[in-house]
Amino acid sequence: MKTLFPPGIIGVIGGGQLGLMLIYRSKKLGFRFAVLDAADAPAKALADFFIEGSLKDAAALGKLAGACDVMTYEIEHINTDALDDLYSRGHPMYPSPTVLRTIQDKLSQKELFVKKGLPTAPFFAEEDPATADFSSKQFPLVQKTRKGGYDGKGVRVLQSAADSPMPAPSLFEDMVSIDKELAVMVARGRSGELAVFPVTEMAFNPEHNICDTVIAPARVDEKTAAAARELSVSVVQALDGVGIFGVELFLDTQGRVLLNEVAPRPHNSGHYTMEACVTCQFEQHVRALAGLPLGDTTLLRPAVMLNLLGQPGSAGSPLVQGYEEAVNVPGLSPHLYGKIDCRPFRKMGHFTVTAATLEDALEKAEYARTVLKIGGAG
């Protein structure tokens with residue numbers, strides 16, 4: 001595919017918050033965007049062209065392919081057989097369907113890590129966990145369903161053989177003794193050009209295993225940061241990926257950096273780049289898939305991002321509380337996703353606080369956390 005220039009059309013499979021931010025942060029480049037998703041998708045409001053349909057529907061995917069110059073995706077739960085067919089018929093797509101197929105299956109991901117000699121937690125697979133014998137296994141184990149998991153769903157910690165696993169084909173990892181969970185956004189161009197964002201630190205909601213807070217830069221020494229960057233680049237190269245990739249890592253209590261998972265798209269851990277870096281993850285993704293030079297990833301100011309999750313017991317239309325107090329916090333940038341239905345622990349938005357020091361950003365973000373809430377109006 002030749003370099004795509006404005007006003008070329010980029011087709012986005014999925015119109016959730018990532019698709020929404022992809023459009024509003026990349027419009028300045030001059031491209032137009034076609035989006036495929038359900039009628040209430042947040043990105044519909046900004047799309048130049050919108051196709052209502054299922055991401056599993058081959059006909060709808062074909063319609064999107066015919067309406068754009070190049071396709072990408074903001075979610076993994078897509079009909080890859082249909083994408084393979086479109087790709088084989090000459091419809092450009094980045095990352096490729098082969099990359100998506102590998103990442104859709106957590107076992108395939110782990111097998112790739114092992115094949116390439118990349119460090120990861122020991123694991124084994126079970127096709128039918130409900131009938132498997134775990135009596136000889138060392139606990140605790142982390143069960144991850146091979147397909148379909150997101151935002152903490154499809155993950156269960158088994159403390160002993162008496163615990164019941166989820167009844168789905170799964171992999172089981174030895175539980176890592178974690179010091180910190182880290183992430184690195186890596187962009188790779190069509191020619192293999194690389195651009196690596198700063199290493200970030202992630203904190204998770206312990207009850208629902210959803211990313212809660214992202215701290216940039218991570219509070220680790222340079223040796224650890226360098227190891228995280230090197231490992232993240234290695235896995236993106238192993239995938240032969242083009243576009244932006246979110247690489248999730250564990251720093252264990254022995255100081256080792258281990259691969260956890262990879263996302264072939266913009267990622268929650270990269271949202272801070274919109275306010276804190278010269279080029280944000282969304283613009284970087286568009287540059288890569290269009291065949292343009294990648295942008296500068298320099299961190300301009302320390303940043304803290306907090307996800308705004310639906311409050312426990314939420315139902316119905318979103319009700320935002322404390323908005324005026326929150327937006328009065330110096331350095332705070334709110335992002336509300338426009339979702340019409342609020343549910344408990346659903347990602348409804350996020351905010352990022354930048355400041356001269358990381359300590360100041362953390363203090364202001366924690367204050368904003370106490371006042372800004374999203375519940376359901378019923």
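Predicted model only: the values in this text are computed from it and were never measured.
Among residues two or more places apart in sequence or in another chain, the side-chain contact (heavy atoms from CB on, under 4.5 Å) test is passed with Gln254 by Asp252, Arg256. Applying the side-chain contact (heavy atoms from CB on, under 4.5 Å) test to Phe49 and every residue at least two apart in sequence or in another chain returns Ile9, Arg32, Ala34. Phe124 meets the ring-ring contact (aromatic ring centres under 6.0 Å, His included) test with Phe172; sequence neighbours excluded.
Electrostatic pairing of Lys56 and Asp81 does not count as a salt bridge here, judged by no charged N lying under 4.0 Å from a carboxylate O. At a threshold of 4.0 Å, the pair Arg219-Glu201 counts as salt-bridged, since one of the basic side-chain nitrogens sits closer than that to a carboxylate oxygen. Ion pairing of Glu76 with Arg101 is absent here, as no side-chain N (NZ or NE/NH1/NH2) approaches a carboxylate O to less than 4.0 Å. With respect to Asp341 and Lys339, no salt bridge is recorded, no charged nitrogen being found less than 4.0 Å from a carboxylate O.
Under a 3.5 Å cut-off, the side chain of Thr297 and the backbone N or O of Val196 do form a donor-acceptor pair. Without hydrogens or angle criteria, Arg146 side chain to Glu126 main chain gives no donor-acceptor distance under 3.5 Å. Formation of a donor-acceptor pair under 3.5 Å by the Glu173 side chain with backbone atoms of Pro122 is not found in this model.
Distance CD1/Ile374 to CG/Leu319: 9.5 Å, rounded to 0.5 Å.
Heavy-atom contacts from other residues, nucleotides or ligands closer than 6.0 Å to CD of Glu230 number 12 or fewer. Counting non-hydrogen atoms of neighbouring residues, nucleotides and ligands closer than 6.0 angstrom, the NZ atom of Lys27 exceeds 12 such neighbours. The 12-atom threshold is not exceeded at NZ of Lys63, counting heavy atoms of other residues, nucleotides or ligands nearer than 6.0 Å. Atom CD of Gln311 sits in a crowded spot, with more than 12 heavy atoms from other residues, nucleotides or ligands closer than 6.0 Å.
A side-chain N or O of Asn260 and one of Lys144 form a donor-acceptor pair less than 3.5 Å apart. When only modelled atom types and interatomic distance are considered, Gln17 and His271 share no side-chain donor-acceptor pair under 3.5 Å. With 3.5 Å as the limit, one finds a donor-acceptor pair spanning the side chains of Glu248 and His267. Asp57 and Asn79 form no side-chain donor-acceptor contact under 3.5 Å, judged by distance and modelled atom types alone. Between the side chains of Tyr337 and His350, a donor-acceptor pair is found at a separation under 3.5 Å. Checking Arg156 against Ser164 by side-chain atom types alone, no donor-acceptor pair falls below 3.5 Å. For the residue pair Asp128 / Thr131, a side-chain donor-acceptor distance below 3.5 Å is found, with atom types taken as modelled. If you check the side chains of Ser170 and Gln143, you find a donor sitting under 3.5 Å from an acceptor.
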